[in-house]
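Following: one structure in structure tokens, then a few remarks.
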Amino acid sequence: MTQRVLSCGCGIFKRWKTVLLNTPRSFSSGGPDRAAQTSSRSNAVKETHISKLLTLRSLNNSDKQSRKLVLLFDWLYAKPAAVEKYCKLYHDQGLDVLTINGRLAHFLWPPEGYKLAESILSYTLEEHKNDVIVHAFSVGAYLFTLCLMLSRREPEKYGAFRDKVKGQVFDSIVLGSYDHMSTGIAVALPGTNLMKKPILQMMDVYYNMTKETTRDEYDKLVDLFKVDPIMAPTLLFYSYNDPMCYVPSIEEMITNWHRDLPALDVTSKCWEKSIHAAHLKFHQEEYLNHWGAWMTKISQNS
């Protein structure tokens with residue numbers, strides 16, 4: 001039944017099937033059987049392909065026994081050069097980075113997303129024993145929340161994950177009602193606006209057919225993200241003109257965190273005009289100032 005529903009969903013989106021399901025999104029070329037391959041991009045950073053979607057970028061000259069691991073959940077169709085800039089920020093702090101290359105299929109069908117979340121949790125709990133820092137962009141925050149949900153549903157297996165997270169950045173997150181999230185996904189799709197309009201209509205058909213597994217699950221994930229955040233220094237970046245970010249929902253969440261969770265250290269920066277998942281590029285000084293202050297808090301809490 002699961003495969004039949006997933007096939008139906010992919011059929012609805014068949015015009016974008018290659019993009020959604022088959023486009024390679026790793027940083028280096030090669031076929032699908034690249035797990036555990038390693039390469040050196042420079043004298044300082046080594047890449048290890050844990051899987052097709054997980055790439056460890058480790059510093060050759062750092063102490064593996066003590067350094068934290070950054071989980072970087074990238075945005076849809078992120079260009080490697082753009083992701084590299086964020087990785088370098090953490091490498092300059094002496095930290096390794098695990099990049100998580102989510103695909104739209106993980107959002108369209110949560111069971112696929114949970115499979116990726118399981119691989120993330122297994123790696124961070126079994127292979128990498130140190131604490132982690134989270135930097136999630138756009139729908140990457142959805143993949144992170146899948147990890148949180150699994151840690152709640154299977155505490156004996158994954159419950160330790162929450163305690164390992166010592167800081168979190170949420171950049172241009174897609175948060176809001178189903179209508180706002182589906183609009184955001186449509187914006188992220190390739191093609192013209194004229195082509196995207198029928199996509200919204202097809203998404204409604206698809207989600208009505210799969211409501212229990214998709215829309216209902218989204219509601220649970222959003223509620224978890226808003227109501228039970230990890231109590232670690234938290235930084236949010238967003239902008240008022242971003243069509244993928246529903247600002248009223250984000251700001252209501254921040255207000256509630258300040259009111260209901262005074263022990264949660266929350267900082268946010270919103271710009272009147274910026275570009276989705278590109279705030280560092282267009283507001284570099286302000287972005288780095290806030291990010292640097294957040295990193296200082298994490299260092300002081302270590």
Side-chain angles (χ1 to χ4, degrees), residues 25-28 38-51 53-75 78-102 120-121 123-125 127-141 143-144 147 161-173 230 232-237 265-269 277-302:
R25 302 206 44 246
S26 64
F27 287 106
S28 61
T38 61
S39 62
S40 179
R41 302 183 67 259
S42 69
N43 292 329
V45 180
K46 180 179 69 174
E47 287 188 357
T48 302
H49 297 286
I50 308 302
S51 69
L53 304 176
L54 305 181
T55 301
L56 177 65
R57 304 152 71 90
S58 56
L59 297 175
N60 293 331
N61 59 351
S62 56
D63 182 4
K64 293 184 178 181
Q65 301 303 317
S66 62
R67 66 179 181 268
K68 296 180 177 65
L69 175 68
V70 178
L71 303 182
L72 196 149
F73 296 81
D74 71 10
W75 59 101
K79 295 181 179 180
V83 176
E84 169 69 22
K85 294 179 181 179
Y86 295 95
C87 293
K88 187 177 185 304
L89 291 179
Y90 291 104
H91 290 324
D92 288 346
Q93 300 294 316
L95 301 174
D96 292 344
V97 180
L98 181 72
T99 55
I100 296 104
N101 311 133
I120 296 167
L121 291 172
Y123 181 79
T124 56
L125 293 173
E127 303 296 329
H128 197 286
K129 304 298 184 181
N130 299 333
D131 293 333
V132 301
I133 297 171
V134 171
H135 197 134
F137 297 87
S138 189
V139 295
L143 290 174
F144 171 59
C147 294
F161 175 73
R162 289 183 65 99
D163 293 334
K164 288 171 66 72
V165 179
K166 301 305 179 183
Q168 48 195 0
V169 175
F170 301 118
D171 188 323
S172 306
I173 58 174
I230 288 180
T234 302
L235 174 61
L236 296 99
F237 294 113
D265 187 336
V266 182
T267 305
S268 62
K269 175 59 184 178
H279 304 310
L280 176 60
K281 178 179 179 180
F282 292 94
H283 303 279
Q284 180 172 306
E285 183 176 356
E286 289 181 294
Y287 194 104
L288 292 178
N289 284 341
H290 282 82
W291 178 84
W294 169 79
M295 281 295 299
T296 298
K297 294 176 184 177
I298 295 174
S299 299
Q300 292 174 343
N301 293 338
S302 298

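As the structure is a computational prediction, the values presented were derived from the model and not from experiment.
At least one donor-acceptor pair under 3.5 Å links the side chain of Thr234 to the backbone N or O of Ala232. Here the side chain of Thr99 pairs a donor or acceptor atom with the backbone of Thr55 at under 3.5 angstrom. In this structure a side-chain-to-backbone donor-acceptor pair under 3.5 Å is missing from Lys68 to Val165. A distance-only check finds a donor-acceptor pair linking the side chain of Asp96 to the backbone of Leu59 [under 3.5 Å].
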task: Dump the intermediate steps for side-chain contact (heavy atoms from CB on, under 4.5 Å) on Leu69 and Asn130, then the final yes or no.
output: CA-CA 7 Å; Leu69 175 68; Asn130 299 333; 5.9 Å; no
> Could you walk me through whether Val169 and Phe137 pass the side-chain contact (heavy atoms from CB on, under 4.5 Å) check?
Replying inline: CA-CA 8 Å; Val169 175; Phe137 297 87; over 6 Å; no
side-chain contact (heavy atoms from CB on, under 4.5 Å), that's the test. Do Leu71 and Phe144 meet it? Break it down for me. CA-CA 9 Å; Leu71 303 182; Phe144 171 59; 5.8 Å; no
Exercise. Is there a side-chain hydrogen bond (donor to acceptor under 3.5 Å, both in side chains) between Ser172 and His279 once you walk through the steps?
Worked result: CA-CA 9 Å; Ser172 306; His279 304 310; 3.0 Å; yes
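Paired with Val97 under the rule side chain to side chain contact (heavy atoms under 4.5 Å, CB included), one option of Val70, Val45, Leu56 passes, and it is Val70.
Looking at Phe73 and Val139, their side chains never come closer than 4.5 Å, going by heavy atoms from C-beta outward. Side-chain contact between Tyr123 and His128: present, with at least one pair of heavy atoms (C-beta onward) separated by less than 4.5 Å.
Here Ser51 contributes atom OG and His49 contributes atom NE2; the two are 10.0 Å apart, rounded to the nearest 0.5 Å. Rounded to the nearest 0.5 Å, atoms CE (Met295) and NE2 (His290) are 16.0 Å apart. With values rounded to the nearest 0.5 angstrom, Leu280 atom CG is found 6.0 Å from Leu89 atom CG. For the atom pair OG1 of Thr124 and NZ of Lys129, the computed distance is 10.0 Å after rounding to the nearest 0.5 Å. Taken from CG in Leu95 to CG in Leu72, the straight-line distance is 12.0 Å, to the nearest 0.5 Å. Going from atom CD1 of Ile298 over to atom CD1 of Ile133 covers 4.0 Å, rounded to the nearest 0.5 Å.
Contact between Ala136 and Ile173 at its shortest, heavy atoms only, is O-CG2, 4.4 Å. When all heavy atoms of Phe170 and Ala141 are compared, the closest pair comes out as CD2-CB, 4.4 Å. Nearest heavy atoms, Asn301 versus Pro233: ND2-CG, 3.5 Å. The two atoms that bring Ala278 and Tyr86 nearest to each other are CA-OH, 4.4 Å, heavy atoms only. Smallest separation of non-hydrogen atoms from Lys297 and Asp265: NZ-OD1, 3.0 Å. Across every non-hydrogen atom of Gly167 and Trp294, the tightest pair is C-CZ2, 3.6 Å.
For Tyr90 and His135, the ring centers are positioned less than 6.0 Å apart.
For Gln284, the CD atom sits in a loose shell: 12 or fewer heavy atoms of surrounding residues, nucleotides or ligands are nearer than 6.0 Å.
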